[in-house]
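Below is one structure, written out as C-alpha cells; comments come after it.
Labels below follow one simple rule: chain letters A, B, ... track the order of the sequence lines, proteins then strands, and each chain is numbered from 1.
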2 protein chains.
Amino acid sequence: MKNKSLLSQYSIRKTRPRLQIISVIGKFKNRHFSVEEVLKGLRRGKSKVSRASAYRAINLFSQKGLLRPIDLGKGFLLYERASQKSHHDHLYCINCGKIIEFKDQSIEKLQMKVCRKKRFHPKSHTLRITGLCKECL
Amino acid sequence: MKNKSLLSQYSIRKTRPRLQIISVIGKFKNRHFSVEEVLKGLRRGKSKVSRASAYRAINLFSQKGLLRPIDLGKGFLLYERASQKSHHDHLYCINCGKIIEFKDQSIEKLQMKVCRKKRFHPKSHTLRITGLCKECL
DNA sequence: TATTAATTGAGACTGAGTCTCAATTATATA
DNA sequence: TATATAATTGAGACTCAGTCTCAATTAATA
C-alpha cells in the first residue's frame with residue numbers, strides 16, 4: 001500500500017486518520033491546499049476525522065518533512081508535498097489568487113550572506129511577492 | 001498640533017479616535033506594534049476607542065502610507081511608521097522574538113528581474129528569514 | 001495476546017479581525 | 001455661525017483558523 005509506506009518512509013506512525021488524510025492530499029496533485037480543504041475532502045469521502053486530528057496530522061507531516069507550509073499572508077497556511085519539488089518562493093496574484101513558483105539561487109545566496117553578516121542562523125525563509133499576474137493587468 | 005498635521009499630511013480626516021491612536025503609536029517610538037497593543041495603550045490612557053475603529057484606522061493609515069504592515073508569520077500583523085525608515089526586510093529570531101532589519105539592494109534587484117521574467121507586476125513583497133540570532137545560539 | 005504509549009474525537013475555547021447599523025461627528029457650504 | 005451631507009464611530013455579535021482537554025480508542029512491542 002503506497003500511503004502506508006509513505007508514512008513509514010517519514011517515520012510517522014500509521015493510523016487510520018493519517019492514512020485517510022494522505023489519501024485526500026494525494027487527490028490535490030500539485031495544488032496547494034489548506035487544512036480546511038483537507039477536512040472538506042475527508043467529509044466528502046465520508047471519512048470522519050476530527051478537525052483536531054487533521055490539524056495535528058498536518059503539523060506532524062510538516063515537522064517530519066513530508067509537507068511544506070506556504071505562507072501567502074492570507075491569514076492561514078497552505079501546504080504542498082515537500083518531495084515533489086525542492087524549495088522555491090512565490091509570486092502571488094492579489095486579483096485571481098494564482099501562485100507562480102520561482103527559484104533563484106542568487107537570491108538565496110544573498111540571503112545567506114545577509115545572515116552571515118548579522119551572525120544570524122537561518123532555519124527557514126519566506127519570500128513572497130504580491131501583485132498582479134500578466135493575465136490580470 | 002503635531003498629530004493633526006500628520007493626518008492632514010496623509011489626507012486623512014481628523015477625528016478624535018484617530019488622533020488618540022496616533023498619539024499611542026507615537027509612544028511606541030521605533031518599536032513594531034500590533035493593533036491589540038494599540039488598543040491596550042488606548043485603554044491605559046482612558047481613551048474609549050472601539051476595537052472596530054482601531055482596526056479601521058490602522059488599516060486606513062496603512063493604505064495612506066503612514067504605516068507599513070509587517071508580516072512575521074505570527075498569525076497577526078505588526079506595524080511600523082512608514083516614514084521613519086524606508087523599505088527593509090526582516091530576520092526574526094524564533095527564540096527571543098527579536099526582529100533584525102536589513103536592506104539589500106541586490107536582492108531587491110533580483111526580485112524585480114524575476115518579476116520581469118514572469119511578466120508579474122509586483123505591488124509589495126515580504127522577505128522574512130526565521131532562525132536564531134547570535135545571542136540565542 | 002497483553003502491555004504501554006501514542007493517538008483520537010467532540011466540542012469548548014482562543015485570538016485576530018470583520019460586520020452591522022443606528023447614533024454621532026467632521027467638513028463643506030450658505 | 002448654522003445647516004446639510006457624508007464619513008465615522010461604538011457595541012457587540014460574528015467569523016474563521018487554529019488549539020486544548022481528557023476520557024476513550026488504537027497502534028506498536030514484547
A:Arg56 (side chain) donor-acceptor with A:Arg51 (main chain) under 3.5 angstrom: no

Side-chain N or O of A:Thr15 closer than 4.0 Å to phosphate OP1/OP2 of C:dA6: no

Interatomic distance, B:Ser34 atom OG to B:Leu39 atom CG [nearest 0.5 angstrom]: 8.5 Å

Closest listed nucleotide, where the reference is the side chain of A:Phe76 and the choices are D:dA17, C:dG9, C:dA16: D:dA17

Nearest to side-chain heavy atoms of A:Glu36, which nucleotide of D:dA11, C:dG9, D:dA17: D:dA17

Which nucleotide in C:dT20, D:dT19, C:dG17 has an atom nearest any side-chain atom of B:Arg56: C:dT20

Same cluster (ILVMFWY, side-chain, under 4.5 Å), A:Tyr79 and A:Leu42: yes

Terminal axis angle for the helix from C:dT1-D:dA30 to C:dA30-D:dT1, five pairs an end, nearest 10 degrees: 30°

Proximity to the side chain of A:Arg51 - top-ranked nucleotide from C:dT27, D:dT19, D:dT26: D:dT19

Donor on one side chain, acceptor on other, B:Ser50 and B:Ser53, under 3.5 Å: yes

Between D:dA27 (P) and A:Gln20 (CD): distance, integer Å: 11 Å

Nucleotide of D:dT19, D:dT9, C:dG9 approaching A:Ser50 most closely (side-chain heavy atoms): C:dG9

Between A:His125 and B:His90, ring centroids under 6.0 Å: no

C:dT18 OP1/OP2 closer than 4.0 Å to side-chain N/O of B:Asn59: yes

Check: A:Ile99 and A:Leu91 side chains under 4.5 Å, non-hydrogen atoms: no

Residue B:Arg13, side-chain atoms from C-beta onward, closest of C:dT27, C:dT8, D:dA17: C:dT27

Whole-Å distance separating the CZ atom of A:Arg16 from the C1' atom of D:dA28: 17 Å

Nearest-angstrom distance from the residue atom CG of B:Leu7 to C1' of C:dT27: 15 Å

B:Pro17 side chain, from C-beta outward: closest of D:dG10, C:dA10, C:dA26: D:dG10

Position toward the 5' end of DNA chain C (nearest nucleotide), B:Gly75 or B:Ala52: B:Gly75

Distance in angstrom units between A:Tyr55 OH and C:dC13 C1', rounded: 14 Å

Donor-acceptor under 3.5 Å (A:Arg43 side chain, A:Val49 main chain): yes

